[in-house]
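Hydrogens, waters and symmetry mates play no part in the numbers below; they use all other heavy atoms, side chains included.
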Amino acid sequence: MIERVLIANRGEIALRILRACRELGVESVVVYSEADAYSLPVQLADKAICIGPPEPINSYLNVQSIMSAAEVVKAQAVHPGYGFLAENPEFAEICLACDLAFIGPPPHVIRLMGDKAEARKRVASWGVPVIPGSPGEVDTEEEALAIAQEIGYPVLMKAVAGGGGRGMRLARDEDELRQVFNTARSEAGAAFGHAGLYVEKFVHPARHIEVQVLADGEGNVLVFGERDCSIQRRHQKVLEEAPALISQVLRERLFQDARLVAEKVGYVSAGTVEFLVDEEERHYFIEMNTRIQVEHPVSEMVTGLDLVKEQIKIASGVPLELEQKDVVSKGWAIEFRINAEDPRSFRPSPGKVERWVVPGGPGVRVDTALYQGYEMPPFYDSLVAKLIVYGRDREEALSRGKRALAEFKVEGIQTTIPLHEAILGSEEFREGKCPVDWLERFVW
Amino acid sequence: MIERVLIANRGEIALRILRACRELGVESVVVYSEADAYSLPVQLADKAICIGPPEPINSYLNVQSIMSAAEVVKAQAVHPGYGFLAENPEFAEICLACDLAFIGPPPHVIRLMGDKAEARKRVASWGVPVIPGSPGEVDTEEEALAIAQEIGYPVLMKAVAGGGGRGMRLARDEDELRQVFNTARSEAGAAFGHAGLYVEKFVHPARHIEVQVLADGEGNVLVFGERDCSIQRRHQKVLEEAPALISQVLRERLFQDARLVAEKVGYVSAGTVEFLVDEEERHYFIEMNTRIQVEHPVSEMVTGLDLVKEQIKIASGVPLELEQKDVVSKGWAIEFRINAEDPRSFRPSPGKVERWVVPGGPGVRVDTALYQGYEMPPFYDSLVAKLIVYGRDREEALSRGKRALAEFKVEGIQTTIPLHEAILGSEEFREGKCPVDWLERFVW
Amino acid sequence: MDIKDLLELVKELADLPVGELELEIDGVKLKLKKAGVQPVAERVETPAQSVATPSLQPVSPTQDGTPQFPPDAVVIRSPIVGTFYRAPSPESPPYVDIGDVVEKGQTLCIIEAMKIMNEIESEVRGEILDILAENAEPVEYGQPLFLVRPLS
Amino acid sequence: MDIKDLLELVKELADLPVGELELEIDGVKLKLKKAGVQPVAERVETPAQSVATPSLQPVSPTQDGTPQFPPDAVVIRSPIVGTFYRAPSPESPPYVDIGDVVEKGQTLCIIEAMKIMNEIESEVRGEILDILAENAEPVEYGQPLFLVRPLS
């Protein structure tokens, strides 16, 4: 087993990884920026090492600093968490070149899945349904118009290098496409360093259903069930649940396709195959996320298993002890992403946490790096806590979510707790099967 | 369904009941003493009503005040929690006389099981093994000596009105019995208002294994699995786990006997049948606790069910939806009772909670009414938090417990967290099957 | 008053929500200040204390009233939980009204608890400055009922 | 009241939450103040900041040193994470020693990171007052390495 892991991240996911290390008896070293000197992961880690000033580019994205830290503390592996360097194939390569295990899939898998157009092409070639669209990158407006003509409007223009819902533009007709094509290209260039776009049919109304997989690189691929992540704001997930309200027939198709993708691509570690599902329960591959995801706890809650510990064991070369029959989904879990934001304007609200009383009791899990008295730095994303509730069935999970949100007491910063309470209060949400644009239209 | 429940308790169990009410959509009214005005249950309840000064006798044990509160808030039911009035048959009778549902078993069941000698006699008459001992109360030293002669030393003298491990004295031979008999009698009189004693063979080494039952009074009795509560200090449970490391044969015998006791006695609500188990896995009924217990969460963790919600539904006259086949124990759970005490001298350590960072992440449940900034009143018991961890198996639960205890940060009061860490660090405990006197002999 | 009485008194005080006490009785002068307990009146005045006290105030009316009472007034609080009645029956006039002067021991109101009518008597002779609870409404232990200005 | 009574009283008080006591009895005047108990009123006066700062200090050496440095000294910190070397090779003499006067731009040490030797130069002309890191030990970003008194 790996004996010392460098955690190249911050906040709740750094703490999540630290917890997994602790339980495995693995030493954890947390790297941190000057802004995070008082953070909980730094306080709890076996060792913490400052790698730079607050700005991510100089610290959490500073490969040289992180590699130096790994070297001086004699780490044997690096866990990148999500965000920052988690899906950077060069970083994974550098780790391997330095004899550090990268806790994630091999670089070529990250690279392939990072190229959304190429990934789509490859996945389609294996017989997995993809959304009708351009066979690859489209370079000109005319090319885009021709494809849109063929697959029918509305269409989405998506950045080849995008992902996580970023870098998308909708065109409902020819005029709109002409209007937004160049904007979309330059945005993609600015945001991802690559202006490449592809064109896709806009499936609407659609739900976002994803499948968690875990593979050990020895040919064992486990499917950890599906998650419904349709509650989104600006393509950012807000609330996720497992399982999804879908037919068993669809579930089996999704599992089969997710497994196929993981097997064909030679996947290793935890990953997520994302699908759109339309009203007739047709499913389309969107992308594969080659990292542990923010919403992984809902799958842990319904299976009773620990994905991050499995990641570390796999990176240590320990073959999976689990078999598919051990992964049984039972009950219902919902995750509420709680951000330090004004719940209506979504303006970030960093500051000093004057009061912080987290919910507890049965069926409640809280993943957070905040504590009362903590001064939230303004440099990083606004996720401050993940509240995950578990119940025997969806109804119990909903009522438990409601009571847990009501007992979550925060002062000093604003949070999106009221938004989640409003979502839980909505009849449409309680009925389930909300499409991905539901929250954008939700009035409260 | 009952619409409004009066919670006649304080601290973590008041909050536990409040949570169950919330999830069922039932209004909760918390009664409190002047010392608890700033407590978390008071802050979170739908309504809170002050019933008296800090001393329990004038507040949480003040039946008149509690009944007046129930009347003025128009409560339909009373949940007594544990301790205080939970096992007072007169209180249950008064509730019923005032048309208030008592969330617990009928008064005659509380009364019978409260008389430990009588309970033992009755249970023995149903064919359940009991520890050899006096058929009933022993009034004189000579009587006690005769019985001890018959059943063999060592023997225990136990207060008829005792329970929860209080009111016991050991005599290893005739001399010791002569020495302690009168002390034991007067202690019993002072502590429980009744000097009655009975004599029992001292089973040694023994483990304390108990079975959780739930009955709806309509003939449905569910067995919720067993708990090992052998880690005790002065007969007070310190740490509990579910399931217990016992053979399947013993488990089935315990379940069968627990079910028999619950059925024969006409049990209603949640209750616990406690057994001693010797090295040959012979089991002996000790007593039945006619209340929800401190350690109920371990059973909730392994079954994924909510005992307190079931209690409220049963008190509302809703027959059990659950069947025995729905109660499936999976994985392993351990509860650590964290007291505000010096972990070595066990001297209470009330005061202001200057720092309070509770553990989180996968498989961790915290039941606590504390918060950072809270001033702990010195009038009540010293339990400040129950940390419950869940794992796929005992090994994972142990490693999770270790990491969760390590991230529990408390300042301002002393706690027994270091004791729990020492217990988890002990080879003997990790091997399991520690007898009830193990902790007394444990050196750290 | 002997030393035993004194100890008894001190012990009793320890359990009561009293911060300071000054006593002169039979030639004995006693002045006591409890450790770590700030008298309530002062707590209200010092703004810095807000850091120390929990930021969520309980809903209980016991907690809210103190500052607004005139310093020379006596607050008569409910000694029990129950329903507050200003008159012996719905048809009767109220026992007292604002502005009335009451004698020590005079009945001010009734608190009904468990069908028993408990008459609450004035602890002092004085003028009723305010009535702080609503007729026929529930009151909790310690809830302020009357504000009385003592008269000698 | 005799001395025994008095002792009894003092002992009893020790266990009770009483902070101050003044007593005048039978011509005896007693004034008691418990040791280690600060009257609450004074507690309020103490700076409120202590509440504000997190009570757990991070283990990082970046955090610990600053206050003890002389006000006129300059702290030269590590600009990168790596291993600190005082000399270009194990056989060579160290670049600088305590008491040396260094010129601005003069090499003070090497930080090795990823097999690359990074020479760290002095930002000022001055006297080396102290060397704050151990040879061949890891240093983190911002960790103090040298204390220099600037000279003009």
Region of [X] in contact with chain B, defined by heavy-atom distances below 4.5 Å:
X	answer
L322(A)	side chain
V366(A)	backbone
K386(A)	neither

**Prompt:** Between D306(A) and R392(B), is the closest basic N to carboxylate O distance under 4.0 Å?
**Reply:** no
**Request:** Tell me, yes or no, whether the heavy-atom count around E395(A) atom CD, taken from other residues, nucleotides or ligands under 6.0 Å, exceeds 12.
**Result:** no
**Message:** Would you say that more than 12 heavy atoms from the other residues, nucleotides or ligands in this model lie under 6.0 Å from the CD of E3(A), or not?
**Reply:** no
**Message:** Counting heavy-atom pairs under 4.5 Å with chain A, which one of G361(B), G331(B), A406(B), G360(B) comes out on top?
**Reply:** G361(B)
**Asked** Which atom names give the shortest non-hydrogen contact between K330(B) and V328(A), and what distance separates them?
**Response** NZ-O, 4.1 Å
**Straight-line distance of L40(A) CG to K409(B) NZ, nearest 0.5 Å** = 8.5 Å
**Message:** Quick check for you: to the nearest 0.5 Å, what is the distance between R355(A) atom CZ and Y371(B) atom OH?
**Reply:** 6.0 Å
**Item:** Residue-level interface, residues 292-301 of chain A with chain B, non-hydrogen cut-off under 4.5 Å
**Value:** E300(A)
**Asked** Just checking heavy atoms, which of residues 9-28 of chain A are less than 4.5 Å from chain B?
**Response** R16(A), R19(A), R22(A), E23(A)
**Prompt:** In terms of heavy-atom pairs under 4.5 Å, which option from P362(A), S399(A), P359(A) contacts chain B the most?
**Reply:** P362(A)
**Complete:** When the 4.5 angstrom heavy-atom criterion is applied to V364(B) and chain A, the contacting part is backbone
**Item:** R400(A) vs K309(B) side-chain heavy atoms within contact, under 4.5 Å
**Value:** yes
